[in-house]
Amino acid sequence: MIQNKKKCYICIDLKTFFASVECSVRNLDPFETNLVVADPSRGKGALCLAITPKMKAMGIKNRCRIFEIPKDVEYITALPRMNLYMDYSAKIYEIYLRYVSENDIHVYSIDECFIDITPYLKLYNKKPKEFAQMLMDAVFEETHITATAGIGTNLYLAKIALDIISKHVDENIGMLTEKMYQKYLWHHQPLTDFWHVGIGTMNHLARMGIYDMYGITQCPENILYKEFGINAEYIIDHA
């Protein structure tokens, strides 16, 4: 449980956003509909900008190429409409503004943002998960877009709670404190599940005999700086 005296942040992500918007304007349920956002005029190698959760559940990768979709899967193809997605994003941002000040929102991307909810928990008399659920419900009620959320005592933990924890809980809301991170994620693999750890960094660490966040904490900082330069700072801080 995140104590009131600590800072509390949420990171909200709009699930398979482009595909969900296309389902919304068609009055379709993205969890029951096969829909792909892509431009087939670019050929079978065209990148799918998004697919619906139903297709993800089939094991199809979100950023796949058209030719990678199994031939026996029937689906709707929606041409990308960035202006439409920006309009939806702006509308959802306005929903957030009904509950929090713009000074407490940091927009990370078209479908993701961070919100400092510390001062609002007492104001609304809600626990962090209840507050996140309130925002998610408001977004769904007005746009039919499903959101997921991560809650943490800092921005990084909120992001990791979203990226790793929220996918494995029924309410789609993950929560992390520093102690919970150490208990549940220090030995989590692969390292590429963590924010800002790419395949190159993971392979570099593996060559050093480091395979998880705990391993990073056990490595002398001077060695990490020698190997990664200034990038070692965020690797150390995140571990």
Side-chain angles (χ1 to χ4, degrees), residues 9-19 36-38 42-53 55-70 106-114 148-169 172 174-239:
Y9 300 90
I10 60 175
C11 183
I12 299 185
D13 174 65
L14 306 171
K15 202 171 183 68
T16 58
F17 183 51
F18 295 169
V36 171
V37 179
R42 295 177 177 271
K44 294 295 185 181
L47 183 67
C48 298
L49 298 183
I51 63 175
T52 52
M55 295 183 72
K56 277 189 173 183
M58 298 177 184
I60 302 171
K61 294 182 179 179
N62 190 41
R63 304 283 287 184
C64 65
R65 304 283 177 175
I66 290 178
F67 72 83
E68 293 177 309
I69 300 174
H106 172 70
V107 176
Y108 183 63
S109 65
I110 192 173
D111 61 351
E112 193 170 329
C113 73
F114 293 91
T148 58
I151 301 170
T153 47
N154 58 47
L155 295 175
Y156 173 72
L157 289 176
K159 175 66 172 169
I160 297 303
L162 169 73
D163 289 346
I164 299 178
I165 304 297
S166 68
K167 298 176 182 179
H168 305 289
V169 292
N172 293 324
M175 180 179 287
L176 282 175
T177 62
E178 288 86 344
K179 288 184 178 179
M180 292 168 67
Y181 181 83
Q182 293 169 6
K183 180 177 180 180
Y184 297 110
L185 296 181
W186 252 0
H187 298 290
H188 178 87
Q189 293 184 33
L191 277 170
T192 48
D193 283 349
F194 291 87
W195 195 23
H196 282 176
V197 179
I199 188 72
T201 299
M202 182 181 73
N203 290 338
H204 193 156
L205 288 166
R207 291 193 293 271
M208 298 168 62
I210 298 172
Y211 303 97
D212 55 24
M213 285 292 175
Y214 178 76
I216 295 173
T217 69
Q218 301 306 298
C219 182
E221 291 189 7
N222 63 308
I223 292 178
L224 290 169
Y225 275 103
K226 181 180 178 181
E227 293 289 333
F228 295 98
I230 190 63
N231 288 335
E233 183 174 355
Y234 75 78
I235 294 173
I236 293 166
D237 285 347
H238 290 178

*asked:* Within the supplied structure, the quantity of interest is the number of heavy atoms (other residues, nucleotides, ligands) at a distance under 6.0 Å from Y234 OH; does it exceed 12?
replied: yes
*Check whether any side-chain heavy atom of T148 lies under 4.5 Å from a side-chain heavy atom of L162, and answer yes or no.*
yes
*Is it true that a side-chain atom of E112 and a backbone atom of S109 form a donor plus acceptor pair closer than 3.5 Å?*
no
*If every non-hydrogen atom of L205 is compared with every non-hydrogen atom of L191, which pair is closest and at what distance?*
CD1-CD1, 3.8 Å
_Working note: Y9 + Y156, criterion side chain to side chain contact (heavy atoms under 4.5 Å, CB included); need CA distance, chi angles, decisive distance, verdict._
CA-CA 9 Å; Y9 300 90; Y156 173 72; over 6 Å; no
*Side chains of I160 and I165: does their closest heavy-atom pair fall under 4.5 Å?*
no
*Strictly under 6.0 Å, is that where the ring centroids of F228 and H204 end up?*
yes
*Would you check if D212 and H188 make a side-chain contact, meaning some heavy-atom pair closer than 4.5 Å?*
no
*Atom CD1 of I235 and atom CD1 of I230: how far apart are they, to the nearest 0.5 Å?*
11.0 Å
_Residues forming a side chain to side chain donor-acceptor pair (under 3.5 Å) with E178, sequence neighbours excluded_ = T153
*Hey, is the main chain of H238 close enough, under 3.5 Å, to the side chain of Y181 for a donor-acceptor pair?*
yes
*Could you tell me the separation between the SG atom of C113 and the CG atom of D13, rounded to the nearest 0.5 Å?*
9.5 Å
*Tell me, please, which residues at least two apart from D163 pass salt bridge (charged side-chain N to carboxylate O under 4.0 Å, His left out).*
K159
*Is a side-chain donor or acceptor of W195 paired with a backbone partner of L157 at a separation under 3.5 angstrom?*
no
_Distance, nearest 0.5 Å, that separates CD1 of I12 from CG of D111_ = 12.0 Å
_Shortest non-hydrogen contact from T16 toward P53_ = OG1-CD, 3.3 Å
_Spatial distance of atom CD1 (I210) from atom CD1 (I223) [nearest 0.5 Å]_ = 8.5 Å
*asked:* More than 12 heavy atoms of other residues, nucleotides or ligands under 6.0 Å from CD of Q189: yes or no?
replied: yes
*Is it true that a side-chain atom of N62 and a backbone atom of I51 form a donor plus acceptor pair closer than 3.5 Å?*
yes
_side chain to side chain contact (heavy atoms under 4.5 Å, CB included), that's the test. Do T201 and N231 meet it? Break it down for me._
CA-CA 10 Å; T201 299; N231 288 335; over 6 Å; no
*Drop me the distance from W186's CH2 to Q218's CD, to the nearest 0.5 angstrom.*
7.0 Å
*asked:* Walk me through whether I60 and E68 qualify under side chain to side chain contact (heavy atoms under 4.5 Å, CB included).
replied: CA-CA 8 Å; I60 302 171; E68 293 177 309; over 6 Å; no
*Can you check side chain to side chain contact (heavy atoms under 4.5 Å, CB included) on I69 and C48, steps first, answer last?*
CA-CA 10 Å; I69 300 174; C48 298; 4.1 Å; yes
*Which atom names give the shortest non-hydrogen contact between V197 and M213, and what distance separates them?*
CG2-CE, 4.3 Å
*Taking all non-hydrogen atoms of both residues, which atom of F18 and which atom of I110 are closest, and how far apart?*
CE2-CG2, 4.1 Å
_Do Y225 and E233 have side chains that approach each other closer than 4.5 Å (heavy atoms only, starting at C-beta)?_
yes
*Roughly how far, to the nearest 0.5 Å, is CD of E227 from CG of N222?*
10.5 Å
_Closest heavy-atom pair and its distance - A239, I216_ = CB-CG2, 3.5 Å
*Which pair of heavy atoms, one from C219 and one from L224, lies closest together, and at what distance?*
SG-CG, 3.8 Å
